[in-house]
Amino acid sequence: MKCESCNEREATIHISKGNGFEKTEKFLCEQCANASFENDFSYPDDTFNIQKLLKSLSEHPSLQQTKRRPKQCGTCGSTINTIVQMGKFGCPDCYATFGSQAADIISRVQAHQSEHVGKMPVKSRAHLKTRKKLEQLRGRLEKLVETQEFEEAAIVRDEIKALEEAGDNDGI
Amino acid sequence: MMEYSHISPWMQDVEELPVEMSTRVRLARNVSHLPFPYMMKDNDGLEPVLRKLETALDGYRRVEMDDLQFEDKALLVEKHLVSPLFTKRGLLSYISEDESVSIMVNEEDHLRIQTMGVGLPMIDLYRKADAIDDMLESEVDYAFDEKYGYLTACPTNVGTGLRASVMLHLPALTFGSRIQTLAANLSRFGFTLRGIYGEGSVPLGHIYQLSNQLTLGQTEEEIINNLDELKERIVEEEMEMRSWLESEHLLEVKDSVYRSYGLLKHAYRMPLKEAAKCLSDLKLGTDLKLIEHEDFQFQKWIQLIQPAFIKMRLNEKDKEITSLEHAVEEERAALMRQLLGGE
């Protein structure tokens, strides 16, 4: 189907306009559709201009995202923009809030290193140990169930339960 | 603040080495779920932490930035007890009696633990900071992440939060212009070598600071061992360059050493830059055994000629001053004459 306006290009956009009393329909190519948004189809009352919105969507598919309110850190109110501007995070929680972007920044300033291998606070050491042990036990439990060794599996399950109850349960 | 107008006890009576000077280690630590200092609206969130520090750091002197005059702050900076940034925005610092330990509260991070020493293995200084860190950790809930380690305001400190540095006196490498290539090579390994006093192309007194740039992906011990190794190599290069100077340019070296000695001993006005250059020449001459002066201690004297130190001496004299700049230069020259037994 050819474009109703230029009669040259293929019509790719179907525009339907109605105000409750009458309805008009047009089949246009992209160029003519864009041009028509500016001229023919603008409402006199400009509070919510659907044409402009449509036009901007057809031209900038990404605009919708950038116009959305940027993500903010719940603890300190930083956004990724303020962080990049200052070259600093706003609080320790920003590292988790801006997960992949934080990882990107860190990798860039730390010569592509991404993992801490040094000292750990004693509290975290105990926490990590419990978590590693739990991971190990859960893996074993899965295998035991697979091989139908239920008696042994019950013992492991109890061990897991005991560890979960003894340790601080947050996120283990 | 007069008690800080002397050379730090840890720096007194140390055996001076050629090239290698003092060493510093600092750990950056933060309190969990609390905005970093530059984002803090007030210090209320820090109050419980401060109360705990107060008891944990019994025996340390508590120095509040708000209580200090400009000159007192400058003095602390010249002694490396606090950073220039800290004098503007910091809250308070805990300083040990021998001034080898300083714990800054609200520098760029909530806590900066710093240890200093001279002639000590760097790993010992780290162990000292590490022990203080352990002690504070039992009181304060640190911001720590299993993946990224200790979380810091600036991503350049994340991980170990460790910055280790050593000051090096490199007159021969500066003279031979080898220093730029060396600095460029070091930066590729994640280390920096830069002048410590002053800006400009030639740092004051030919004194440089070698430090690690990366804080993630290596253990504290690895960082320090690498830094130690690089330091040894730079010391070797400097010594090689000095032998070359001695064999090829002995007269020129001797000439500049004795010229500088003459200036220090007899001048009546000494700008900082000139004094530092002369002291550097005197140190090189001493190391090469071209000149001898019993009381000469490079590190101490370099500190004594800094503006805030000179200003303190002036204040003690209670003299009428018309031009501060001239008065400082005159006092610096007077100090040098006195130290070297001139007129």
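Quick caveat: nothing in here was measured; it's all calculated off a predicted structure.
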Query - Residue pair B:E97, B:Y60: steps toward the side-chain hydrogen bond (donor to acceptor under 3.5 Å, both in side chains) verdict - result: CA-CA 6 Å; B:E97 207 176 324; B:Y60 284 73; over 6 Å; no
Interchain contact, [X] with chain A, by part (heavy-atom threshold 4.5 Å):
| X | value |
| --- | --- |
| B:N157 | backbone |
| B:Y148 | both |
| B:L34 | backbone |
| B:R29 | side chain |
| B:E108 | side chain |

Is it the side chain or the backbone of A:A96 that comes within 4.5 Å of chain B heavy atoms, both, or neither?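 Interface part for A:A96: neither.
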### Query
Where do A:S107 and A:S114 land on the side-chain hydrogen bond (donor to acceptor under 3.5 Å, both in side chains) test, with the steps shown first?
CA-CA 6 Å; A:S107 160; A:S114 61; over 6 Å; no
Query raised in the report: Under 3.5 Å, is there a donor-acceptor pair linking the side chains of B:T160 and B:Q218?
Result: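 Distance-only check fails for B:T160 and B:Q218.
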Which of the residues [options] is involved in the greatest number of heavy-atom pairs with chain A at under 4.5 angstrom?
| options | value |
| --- | --- |
| B:G149, B:P155, B:C154 | B:P155 |
| B:L216, B:T219, B:V158, B:L151 | B:L216 |
| B:T156, B:N30, B:D145, B:D141 | B:T156 |
| B:P37, B:P35, B:A143 | B:P35 |

Using a cut-off of under 4.5 Å on heavy-atom pairs, state which of [options] scores highest against chain B.
| options | answer |
| --- | --- |
| A:Q110, A:M86, A:Q113, A:K88 | A:Q110 |
| A:H112, A:M120, A:H116 | A:H116 |
| A:T82, A:V109, A:I105 | A:V109 |

Quick one: does any side-chain atom of B:E220 pair with a main-chain N or O of B:L162 as donor and acceptor, under 3.5 Å?
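No; zero donor-acceptor contacts below 3.5 Å.
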Between B:T115 (side chain only) and B:V101 (backbone N and O only), is there a donor and an acceptor less than 3.5 Å apart?
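No, because the side chain of B:T115 does not come within donor-acceptor range (under 3.5 Å) of the backbone of B:V101.
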Q | Pairing of A:R140 and A:E149 as salt bridge, 4.0 angstrom limit | A |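 No, this pair does not count.
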Exercise. Before accepting this row, confirm whether a basic side-chain N of the pair A:R157/A:E152 lies closer than 4.0 Å to the acidic partner's carboxylate O.
Key: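 No.
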Assess whether side-chain hydrogen bond (donor to acceptor under 3.5 Å, both in side chains) is satisfied between B:R163 and B:Q213, documenting all intermediate values.
CA-CA 8 Å; B:R163 187 84 65 229; B:Q213 223 169 2; over 6 Å; no
| query | Are A:F89 and B:F36 close enough that their ring centers fall under 6.0 Å? | reply |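 When the ring centroids of A:F89 and B:F36 are compared, they turn out to be at least 6.0 Å apart.
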